[in-house]
Amino acid sequence: MTALAVALVVMVALLGVLVAGLLRSHAEILRALHELGLREDGTFSADRDHLPPTRPGVPQPRPSSTPGTDVTGVKPDGSPRQIAVVGVEHTTLLAFMSTGCSTCGTFWAELGRRRNLELPGHDTRLVIVTKGPEAESISRLTDLAPAQWPLVMSTSAWDRYEVPVSPYFIMVDGPSGSVVGEGSGTSWRQVQSLLTQALGDAKLYETPGRNSPRDATAREESADAELRAAGIEPGDASLYPTAPPEAP
């Protein structure tokens, strides 16, 4: 009986340690979820201005009210160039790239062979931004730069937009002058999906006074992008069923 009592005491003690560990782990999980914006109703806050710090090496998302700025610099031939980004009717997608970036090579090649690039949003203009002549190879840039897209060499633009890595893409809404999306990727499809989602999260075309056709166009382009990501191209037979779906 004594041995049995001792065994029971040991088992109870082990269970107590196990329960204490589970409670401590549960408390840590709740604290982490609260830092990520978990509300009392079980939903997450979408306020980007109060996001927790990111891991080292990962850029911290900027506040949603961050203003954009016009890009001023020079062309590869040294002549001055200024691109209006704020106070215009369209959206501008700034593609920050470099001649010495290995990942940028994919985007240089894709931008060079595509003339009708599907850009997120409505009436979006693409502008390539490199650092100034003091930080880039002019001869290399002349070989890489696609003629169909405007290019500005501007180290000051990299500094003002606080570009963390290259390639990096920042979308600025002209009428509001605010940054509405940003990020990086290894392919144009990834960047397109990222920025399309950012436009949806920003609810850019739901703002009172904005043109409703732009809202419809944005939704249509977003749907097209998702279909293409799933391998469904225009004219696919699955989009045109020959018979109505069966009733459940």
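Quick note: residue numbers are just sequence positions, from 1. What you see is a predicted model; the values in this text were computed from it and never measured.
- Contact check for L126 versus L119: side-chain heavy atoms found under the 4.5 Å cut-off.
- Put simply, the side chain of K131 does not reach to within 4.5 Å of the side chain of M153, judged on heavy atoms.
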Worked verdict on T92 versus M171 for side chain to side chain contact (heavy atoms under 4.5 Å, CB included): CA-CA 6 Å; T92 303; M171 180 170 285; over 6 Å; no

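- Panel note: side chain Q148, backbone L111; a donor-acceptor pair is recorded below 3.5 Å.
- V88 and V71 are members of different hydrophobic clusters when ILVMFWY side chains are connected at heavy-atom separations under 4.5 Å.
- Between T196 and P120 the shortest heavy-atom distance is OG1-CB, 3.6 Å.
- Between P167 and C101, the closest side-chain pair of non-hydrogen atoms falls below 4.5 Å.
- With hydrogens and angles ignored, the 3.5 Å screen pairs no side-chain donor or acceptor of D70 with any backbone N or O of Q82.
- Judged by distance alone, the side chains of E136 and T99 do bring a donor and an acceptor atom under 3.5 Å apart.
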Stepwise side chain to side chain contact (heavy atoms under 4.5 Å, CB included) test for T124 and H90: CA-CA 6 Å; T124 302; H90 59 267; over 6 Å; no

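- Side chain of R81 to main chain of L151: a donor-acceptor pair is present (N/O by atom type, distance under 3.5 Å, no hydrogens or angles).
- Side chains of D159 and S156: no donor on one and acceptor on the other come within 3.5 Å.
- Residues T69 and Y161 approach most closely at O-OH, 2.6 Å, considering heavy atoms.
- Minimum heavy-atom separation, A157 to V129: CB-CG1, 4.0 Å.
- Using cut-offs of 30° and 60° for the angle between ring planes, the F107 and W188 rings count as perpendicular.
- Note on M97: it does not cluster hydrophobically with L194, by side-chain heavy-atom contacts below 4.5 Å among ILVMFWY residues.
- The nearest pair of heavy atoms linking T103 to G185 is CG2-O, 4.1 Å.
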Residues S193, Q197; criterion side-chain hydrogen bond (donor to acceptor under 3.5 Å, both in side chains); working and verdict: CA-CA 6 Å; S193 176; Q197 181 178 351; 5.4 Å; no

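- When hydrophobic clusters are built by joining Ile, Leu, Val, Met, Phe, Trp and Tyr residues whose side-chain heavy atoms come closer than 4.5 Å, directly or via intermediates, W108 is grouped together with W149.
- Between S154 and G73, the shortest heavy-atom contact is CB-CA, 4.1 Å.
- The side-chain heavy atoms of V172 and T91, taken from C-beta on, include no pair separated by under 4.5 Å.
- Counted by atom type alone, T106 and E110 present zero donor-acceptor pairs between their side chains at under 3.5 Å.
- Within the 3.5 Å criterion, the main-chain N or O of Y168 finds no donor-acceptor partner in the side chain of S166.
- Distance alone, capped at 3.5 Å, places no donor-acceptor pair between the S79 side chain and the K75 backbone.
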Audit row: F169, L94, side chain to side chain contact (heavy atoms under 4.5 Å, CB included) steps and yes/no: CA-CA 6 Å; F169 299 83; L94 302 174; over 6 Å; no

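- I128 CD1 to I83 CD1: the interatomic distance, rounded to the nearest 0.5 Å, is 11.0 Å.
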